[in-house]
Number of protein chains: 2
Amino acid sequence: MFSKSCKYGIKATLYIAQKSQHDERVSLKEIAAAINSPIAFTAKILQILSKAMIINSTKGPNGGFEIDKTRLSKTSIHQIVQAIDGNHLFEDCVLGLNSCNANEPCPMHNEFVNIQKQLMESLATSNLLDVAMDLNLGLTVLKR
Amino acid sequence: MFSKSCKYGIKATLYIAQKSQHDERVSLKEIAAAINSPIAFTAKILQILSKAMIINSTKGPNGGFEIDKTRLSKTSIHQIVQAIDGNHLFEDCVLGLNSCNANEPCPMHNEFVNIQKQLMESLATSNLLDVAMDLNLGLTVLKR
DNA sequence: TTTATATCGGACAAAATTCTCTTAATATAA
DNA sequence: TTATATTAAGAGAATTTTGTCCGATATAAA
């Protein structure tokens, strides 16, 4: 469903969100340890998220990554997926046809427009604050 | 969502289903042309489907691929996906955790168990006969 | 029985994705 | 101002996925 990059990206963002709730800035190393991901590869993904303005990065001692507290409730998982994997999952033909729409649909089009729409809405209505809450309460985990 | 192999596999199977409806056996070359896929690679995927008993293959002159007419209505797209991509899409943690369940869920678990279940059911309730009908009527297409 | 025509199977090649290493840039603090 | 800690960026290596080639095998027909 999501690329590995995207999974790392989501987990990293959620971890940063959790810490940002308490005004804690976190380092690359800490993030990678928290989500069990390769450090240097995670760095690349954080760069993408940083350029997409989903997270903020600061260089130098005591640097690291954080998210403006005020934006936690305004950022969705959908934005993360979009930044890393693009809109393919939601918009492209599930069978890979170049053009596939109601006029000239692939055999799975009608079934899947709904699934794609629902998937998209599910991700778009989520927000980092809610998810960070659950993490704080220990209701959910980021690695295993 | 699906691997490229799986997309080819679904399209190939649907094409074979359509032709099998009229008792026509189709060659690898014809299939690849009909779904716009690389010939040799398509052959590999057809081998998988053949071993999974989803399609029948016959060697030699006038050989090719077909599906028992009586099985068209009993075969689902889900079976094809399962044979090629496995059950990962339906069963694995969407964030890639090794174990993720109601007891120790990832932050997206609760949202996604439903999506995965629905996706699975949607694919499991489909059948090749219905899909082949639509193809015959020109209501849907396999390449573009 | 020979020949032509298919798929099968294994080895290999190319491309995309995932991951690493090294150096640069930048900010903090002594 | 210098040393140190941190992310940024680029090159490239490893792995996985996708795709090709060719000989083996099976089958039908001449």
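Sequence lines set the chain letters: A, B, ... in the order given, protein chains first and strands last, and positions in each chain run from 1.
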Exercise. Could you check R25(A) against I16(A) for side chain to side chain contact (heavy atoms under 4.5 Å, CB included), going step by step and ending with a plain yes or no?
Key: CA-CA 8 Å; R25(A) 183 184 285 167; I16(A) 298 168; over 6 Å; no

Exercise. Could you say whether V26(A) or K59(B) is positioned toward the 5' end of DNA chain D, judged by the nucleotide with the nearest heavy atom to each?
Key: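 The answer here is V26(A).
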
Please determine whether a side-chain nitrogen or oxygen atom of [X] lies at a distance below 4.0 Å from atom OP1 or OP2 of [N].
{"X": "N62(B)", "N": "dA29(D)", "value": "yes"}
{"X": "Q47(B)", "N": "dG9(C)", "value": "yes"}
{"X": "S57(B)", "N": "dC8(C)", "value": "yes"}

Measure the distance from [atom1] on [X] to [atom2] on [N] and round it to the nearest whole Å.
{"X": "K29(B)", "N": "dT5(C)", "atom1": "NZ", "atom2": "C1'", "answer": "10 Å"}
{"X": "R25(A)", "N": "dA5(D)", "atom1": "CZ", "atom2": "P", "answer": "17 Å"}
{"X": "N36(B)", "N": "dG19(D)", "atom1": "CG", "atom2": "C1'", "answer": "14 Å"}
{"X": "E66(B)", "N": "dA6(C)", "atom1": "CD", "atom2": "P", "answer": "15 Å"}
{"X": "I31(B)", "N": "dC8(C)", "atom1": "CD1", "atom2": "P", "answer": "10 Å"}
{"X": "I48(B)", "N": "dG10(C)", "atom1": "CD1", "atom2": "P", "answer": "13 Å"}
{"X": "L49(B)", "N": "dG9(C)", "atom1": "CG", "atom2": "P", "answer": "14 Å"}
{"X": "I55(B)", "N": "dT7(C)", "atom1": "CD1", "atom2": "P", "answer": "10 Å"}

Hey, are [Y] and [X] close enough side-chain-wise for a donor-acceptor pair under 3.5 Å?
{"X": "E111(B)", "Y": "S122(A)", "value": "yes"}
{"X": "S37(B)", "Y": "T42(B)", "value": "yes"}
{"X": "D85(A)", "Y": "S3(A)", "value": "yes"}
{"X": "S73(A)", "Y": "N127(A)", "value": "no"}
{"X": "Q18(A)", "Y": "E24(A)", "value": "no"}

Exercise. Could you check whether K7(A) gets within reach of a base, just the sugar-phosphate, or nothing at all, counting any heavy atom under 4.0 Å?
Key: nothing

Practice problem: Please work out which residues in residues 77-93 of chain A have a non-hydrogen atom less than 4.0 Å from an atom of DNA chain D and list them by number. | Solution: none

Exercise. Can you measure from CD (Q79(B)) to OG (S126(B)) and round to the nearest 0.5 angstrom?
Key: 9.0 Å

Quiz item: Taking the side chain as C-beta and beyond, is there a heavy-atom pair between C106(A) and T140(B) under 4.5 Å?
Solution: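 No, too far: nothing below the 4.5 Å cut-off.
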
Quiz prompt | pair L123(A)-S76(A): side-chain heavy atoms closer than 4.5 Å | solution = no

Exercise. Go through dT7(C), dA27(C), dT7(D) for me and flag the one nearest to the P61(A) side chain.
Key: dA27(C)

Mind listing the N/O atom pairs, protein and nucleotides 17-20 of chain C, below 3.5 Å?
unit_1, atom_1, unit_2, atom_2, d
dT18(C), OP1, K4(A), N, 2.9
dT18(C), OP2, S5(A), OG, 3.2
dC19(C), OP1, K4(A), NZ, 3.1
dC19(C), OP2, Y8(A), OH, 3.0

